[in-house]
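Notes follow once the structure below has been shown.
Heavy atoms only: backbone and side chains are in, while hydrogens, waters and symmetry mates are out. If you're wondering where the values come from, they're calculated on a predicted model, not measured in any experiment. Ligands are counted one by one from 1 in listed order, and the atoms in each one are counted from 1 as well.
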Amino acid sequence: MKIAIYPGTFDPITNGHIDVIERASRVFDKVVVTIARNSAKTPFFSVEERKEMIKEVVKNLVNVEVDAFEGLLVEYALQKHATAVIRGLRAVSDFEYELQMALMNRKLADEIITVFLMPHEKYVYLDSSVVKEVAGFGGDVNNFVPPFVATKLTEKLKSLRSKG
Ligand code: COA
């Protein structure tokens with residue numbers, strides 16, 4: 001059984017991430033989408049909120065699981081008996097950072113192979129920050145995230161604003 005890990009911050013998951021997950025689910029027997037708890041970023045959504053959103057939007061993909069991890073990615077991948085780590089490559093600008101990460105992960109655990117997948121070109125400009133920025137200014141994010149995530153963004157913004 002070929003298992004792949006797709007790690008990220010997913011704050012929140014976007015249509016670009018989903019495109020990568022769908023492609024990976026066609027190649028691997030099982031794909032574990034996993035949220036990095038110790039990301040250097042300050043997330044907008046809690047890990048539980050992000051998990052709930054991912055679970056909802058991948059529920060039709062039977063070989064996709066959702067999880068979270070702490071610590072080194074390769075150690076988590078080995079625990080999960082994975083042989084591959086999936087990363088999305090959107091544009092040349094992603095390459096240097098991804099190359100460094102892939103080579104470091106290879107140095108740490110040579111048995112884990114990083115596999116790069118390209119999302120559909122209509123998503124190359126997307127990232128989670130730009131979606132949050134558009135939503136924060138009241139823009140329509142329905143082309144960038146599934147309706148469930150768009151609703152969660154609106155609810156979260158409303159609750160943060162009501163708290164002042
Ligand atoms: N569609 C849309 N957006 C995408 C995307 C796609 N297909 N692929 C990446 N992105 C966006 C993300 O939304 C994110 O946007 P943001 O910066 O606005 O949040 C950005 O591109 C890249 O982030 P992401 O893919 O979430 O990865 P990351 O860089 O936050 O996460 C980890 C990197 C968590 C995988 C990495 O830090 C890690 O492995 N940490 C564990 C510790 C470890 O092992 N360290 C050693 C590794 S060298």
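Cluster membership check: Y123 shares its hydrophobic cluster with F10, using side-chain heavy-atom separations under 4.5 Å among Ile, Leu, Val, Met, Phe, Trp and Tyr. M101 and L72 fall into different hydrophobic clusters, where Ile, Leu, Val, Met, Phe, Trp and Tyr side chains are chained together by heavy-atom contacts under 4.5 Å.
Side-chain contact between I3 and V31 is absent, with no heavy-atom pair separated by less than 4.5 Å. A heavy-atom distance below 4.5 Å is found between the side chains of V57 and V149.
Side chain of D94 to backbone of R90: a donor-acceptor contact under 3.5 angstrom is found.
Protein residues are said to neighbour a ligand when one of their heavy atoms lies under 4.0 Å from it; for ligand 1 these are P7, G8, T9, T14, G16, H17, V20, A36, K41, F69, G71, L72, L73, R87, R90, Y97, M101, M104, N105, P119, L126, D127, S128, S129.
The pair K30-E65 meets the salt-bridge criterion, with a side-chain N (NZ, NE, NH1 or NH2) lying under 4.0 Å from an Asp/Glu carboxylate O.
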